[in-house]
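Inspection log for the structure reproduced underneath, given as structure tokens.
As a basis for the values below, the full set of heavy atoms in this structure was taken, side chains included, without hydrogen atoms, waters or symmetry mates.
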Amino acid sequence: QVKLQESGGGLVQAGGSLRLSCTASGRTLNNRPMAWFRRPPGKEREFVATIGWNGDTTDYATSVKGRFTISRDGDKNTVYLQMNNLQPEDTAVYYCALDRSKGGTSVSESEYDYWGQGTLVRVSS
């Protein structure tokens, strides 16, 4: 089955940047909506960003809009999250998700069928 794996997390000082990547292994589902969620310490998982099947549509959480950019490569099953001007409140485990449907994007966890195990981003002040 489809397995997603995130990479690119690490420790960065406030104001710095990181670029997360998410790649699929096993059965590949091309041209599907994908998204990033995150779980800050002691909090519930929350929506970060999503991108449509062809990359034309994106949505962002208010907290990251203008700082983060979601994108995907030409084969449409690899997604990236460019994170600029990182702040301590961005510290979280970041998860990649894929929707097996061919519909539109969603900010809801329940719409996504496949999840990575997460990559930790820590931002120091």
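Here the side chains of Cys96 and Met34 are in contact, with some heavy-atom distance below 4.5 Å. No side-chain heavy atom of Thr23 sits less than 4.5 Å from a side-chain heavy atom of Leu4. The closest side-chain heavy-atom distance from Leu18 to Val121 is below 4.5 Å. The side-chain heavy atoms of Asp113 and Leu98, taken from C-beta on, include no pair separated by under 4.5 Å. Proximity of Glu46 to Pro40: side-chain heavy atoms (C-beta onward) are separated by under 4.5 Å at one or more points. Side chains of Ser101 and Arg32 form no contact here, defined as non-hydrogen atoms less than 4.5 Å apart.
With rounding to the nearest 0.5 angstrom, the CD atom of Glu6 is 10.5 Å from the OG atom of Ser21. To the nearest 0.5 Å, atoms NZ (Lys65) and OG1 (Thr58) are separated by 7.0 Å. In this structure, OG in Ser63 is found 7.0 Å from CG in Asp90, a value given to the nearest 0.5 Å.
Thr50 and Tyr112 form a side-chain donor-acceptor contact under 3.5 Å, judged by distance and modelled atom types alone.
Every residue two or more places apart in sequence or in another chain was checked for a side-chain contact (heavy atoms from CB on, under 4.5 Å) with Gln117, and none qualifies.
Trp115 and Phe37 have tilted rings, their planes meeting at an angle from 30° to 60° on a 0 to 90° scale.
Geometrically, Arg38 does not engage Tyr95 in a cation-pi contact, judged by NZ or CZ lying under 6.0 Å from the ring centre and within 45° of the ring axis.
The environment of Gln13 atom CD is sparse: at most 12 non-hydrogen atoms of other residues, nucleotides or ligands sit within 6.0 angstrom. Counting heavy atoms of neighbouring residues, nucleotides and ligands inside a 6.0 Å radius, atom CZ of Arg122 does not exceed 12 of them.
Under the 4.5 Å side-chain heavy-atom criterion for grouping Ile, Leu, Val, Met, Phe, Trp and Tyr, Val64 is connected to Ile70 within one hydrophobic cluster.
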